[in-house]
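A note on names: the letters A, B, ... follow the listed sequences, proteins ahead of strands, and every chain is numbered from 1.
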There are 2 protein chains.
Amino acid sequence: MAARPSEAATPIRTAVADEDGIDFALIELVFFAYRDFTSDPDQILADYGFGRAHHRVLHFVNRRPGLTVAELLDVLKITKQSLARVLKQLIDTGHIVQVQGPRDRRQRELYPTAKGRSLALALARPQSRRIAAALQDAGIADRSSVEHFLKAMVNPELRAQIDILPRDSS
Amino acid sequence: MAARPSEAATPIRTAVADEDGIDFALIELVFFAYRDFTSDPDQILADYGFGRAHHRVLHFVNRRPGLTVAELLDVLKITKQSLARVLKQLIDTGHIVQVQGPRDRRQRELYPTAKGRSLALALARPQSRRIAAALQDAGIADRSSVEHFLKAMVNPELRAQIDILPRDSS
DNA sequence: CGAAATATGTCAGTAGTGTTGACGTAATTC
DNA sequence: GAATTACGTCAACACTACTGACATATTTCG
């Protein structure tokens, strides 16, 4: 590969722009937006010794109380082992409780405690504020266009998961 | 804390909704959208033995050829050590070359090679397609509203970084 | 009923990305 | 000449993710 290092690697000095009609501007903005979007809860989580994974679990358990472990794995798209550690910590710290499934006793339904609900709200608050401020700043009166855009960014076969979740309008 | 496990943890069975006016729907959509947005390049990167960190470095070196190491660290908001590993790999594999700074010889200007440019484009292509499809799906004729929204999601003090980057209109 | 499938939990090992702190070197600035 | 700056590197660690294997309890099905 690097047979002749003296000439093999010629630096390209021009910036990529519209080549192939690629939307670099929006690609980058998604990166920056997400980076800062997650930074607010990250700071709060650090106080609890939690990470981003704990946040996601706590979020979905609060959004869909009674979720089973399998359902949670499916939403998060992670493996059982990845979930195990963070879920155990959240249970040990009293943020989440497990209840044996009423119909199928093999299942463990996951519910937030008052403590877990409280933390979930504390984590969501700055994110919601950031979104609201951005909508206002962009002069977007109708939330639904952004909602539609983001939803369309999700893989079609996974959009079903979103619809299961409660909507603000409900 | 868990003095009386039998009653300390009472499960909350109601889903969080509009409590405190928190926009859970959009918070969730940002998570889902970003998860799938990054999944396309992740698959390509796996073929090279690279990860998401390599992608980001490659992206910004292509967008701002001649970036110094310090500038790259500032954009990515990671530490020198985190960058070192991935940057070394990208240099060793001939995707990026370092050039001694012309004015300040302590600096190392980073440039993509033809190979690096090519990979950056390959990684950006599916992301750009996803964005374009989502805009169309959402019936958003004017990209600028989404662009403005995403930009407003970024911390104000960090927006300067975005403006340095080349715009599609240039 | 007994076997197979399912839901969950757990163990061991590994990888990628991030952190902090310290230290060394070359080059620039003062 | 001394301090600062830009960069590279070493060691140690944390978090999140992965794979593969195995155990247990429960349900389903032939």
Side-chain angles (χ1 to χ4, degrees), chain A residues 31 34-35 38-39 41-61 66-93 96-111, chain B residues 31 34-35 38-39 41-61 66-93 96-111:
Chain A
F31 163 70
Y34 193 79
R35 182 191 64 180
T38 52
S39 68
D42 280 354
Q43 297 202 323
I44 299 171
L45 289 160
D47 298 336
Y48 292 78
F50 291 160
R52 219 170 271 183
H54 299 83
H55 184 188
R56 291 198 284 261
V57 170
L58 197 54
H59 172 92
F60 285 107
V61 168
L67 252 190
T68 64
V69 171
E71 286 168 342
L72 186 52
L73 288 175
D74 195 49
V75 170
L76 296 176
K77 292 272 172 279
I78 58 173
T79 58
K80 195 166 42 164
Q81 179 65 335
S82 294
L83 174 62
R85 277 183 296 256
V86 298
L87 182 55
K88 192 177 189 321
Q89 285 178 281
L90 287 167
I91 291 169
D92 289 348
T93 53
I96 291 178
V97 285
Q98 286 181 317
V99 175
Q100 201 172 50
R103 274 165 294 280
D104 188 335
R105 287 183 303 174
R106 287 173 305 181
Q107 295 184 332
R108 302 279 179 273
E109 293 184 343
L110 304 174
Y111 293 93
Chain B
F31 163 70
Y34 193 79
R35 182 191 63 181
T38 52
S39 68
D42 281 354
Q43 297 200 323
I44 300 170
L45 289 160
D47 298 336
Y48 293 78
F50 291 159
R52 220 170 271 184
H54 300 84
H55 184 189
R56 291 198 284 262
V57 170
L58 197 55
H59 172 93
F60 284 108
V61 168
L67 251 192
T68 64
V69 171
E71 285 168 343
L72 186 51
L73 288 175
D74 195 48
V75 170
L76 297 176
K77 292 272 171 281
I78 57 173
T79 58
K80 194 167 39 165
Q81 179 66 331
S82 293
L83 174 62
R85 278 185 297 250
V86 297
L87 183 56
K88 191 176 189 324
Q89 286 178 279
L90 287 167
I91 291 169
D92 289 348
T93 53
I96 291 179
V97 286
Q98 286 181 317
V99 175
Q100 201 170 50
R103 275 166 293 280
D104 188 333
R105 286 184 302 174
R106 287 172 304 179
Q107 295 184 332
R108 302 280 179 272
E109 293 184 343
L110 304 173
Y111 293 92

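- With rounding to whole Å, A:Leu73 atom CG is found 15 Å from D:dT19 atom C1'.
- Closest non-hydrogen pair, B:Leu72 versus B:Phe60, comes out as CD1-CB, 3.9 Å.
- Between B:Gln43 atom CD and C:dG16 atom P the separation is 17 Å, expressed in whole Å.
- Residues B:Gly66 and B:Glu71 share a closest heavy-atom pair of O-OE1, 4.5 Å.
- Between B:Tyr48 and B:Ile44, the shortest heavy-atom distance links the atoms CD1-O, 3.3 Å.
- Atom CZ of B:Arg105 is separated from atom P of D:dT4 by 22 Å (rounded to the nearest Å).
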Report, one pair per line, the protein and nucleotides 14-16 of chain D atoms (nitrogen or oxygen only) whose separation is under 3.5 Å.
unit_1	atom_1	unit_2	atom_2	d
D:dT16	OP1	A:Gly51	N	3.4
D:dT16	OP1	A:Arg52	N	3.0
D:dT16	OP1	A:Ala53	N	3.3

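- When rounded to the nearest whole Å, the span between CG of A:Leu67 and P of C:dT8 equals 10 Å.
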Listing time: all N or O pairs from protein to nucleotides 6-10 of chain D that are below 3.5 Å?
unit_1	atom_1	unit_2	atom_2	d
D:dC7	OP1	B:Val69	N	3.4
D:dC7	OP1	B:Arg108	N	3.3
D:dC7	OP2	B:Ala70	N	2.9
D:dC7	N4	B:Lys80	NZ	3.4
D:dG8	OP1	B:Gln98	NE2	2.7
D:dG8	N7	B:Lys80	NZ	3.2
D:dG8	O6	B:Lys80	NZ	2.6
D:dC10	N4	B:Gln81	OE1	3.3
D:dC10	N4	B:Gln81	NE2	3.3

Below 3.5 Å, can you tabulate the donor-acceptor pairs from side chains in residues 83-90 of chain A to any protein atom, sequence neighbours excluded?
unit_1	atom_1	unit_2	atom_2	d
A:Lys88	NZ	A:Asp92	OD2	3.3
A:Gln89	OE1	A:His54	NE2	2.9

Note to self: Under the criterion side-chain contact (heavy atoms from CB on, under 4.5 Å), I'd like the reasoning laid out for A:Ile78 against A:Leu73: C-alpha separation, chi angles, the key distance, then a yes or no.
What the structure shows: CA-CA 6 Å; A:Ile78 58 173; A:Leu73 288 175; 4.3 Å; yes

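- Protein atom CG of A:Asp74 is 12 Å distant from nucleotide atom P of C:dT8, rounded to whole Å.
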Item checked: B:Val99/B:Arg108 under side-chain contact (heavy atoms from CB on, under 4.5 Å): CA gap, chis, key distance, verdict -> CA-CA 5 Å; B:Val99 175; B:Arg108 302 280 179 272; over 6 Å; no

Next item on the list: Would you please test B:Phe50 and B:Thr93 for side-chain contact (heavy atoms from CB on, under 4.5 Å) and show each step?
Entry: CA-CA 11 Å; B:Phe50 291 159; B:Thr93 53; 3.6 Å; yes

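- Going from atom CG of A:Asp42 over to atom P of C:dT17 covers 18 Å, rounded to whole Å.
- Close to D:dC18, at under 4.0 Å from its OP1 or OP2, lies a side-chain N or O of A:Thr79.
- Across every non-hydrogen atom of A:Leu45 and A:His55, the tightest pair is CD1-CB, 3.7 Å.
- Note: CD (A:Gln100) to P (D:dT26) measures 7 Å, nearest angstrom.
- The two residues B:Arg105 and B:Gln100 have their closest heavy-atom pair at O-CG, 3.3 Å.
- Between the CD1 atom of B:Ile78 and the P atom of C:dT20 there is a distance of 12 Å, rounded to whole Å.
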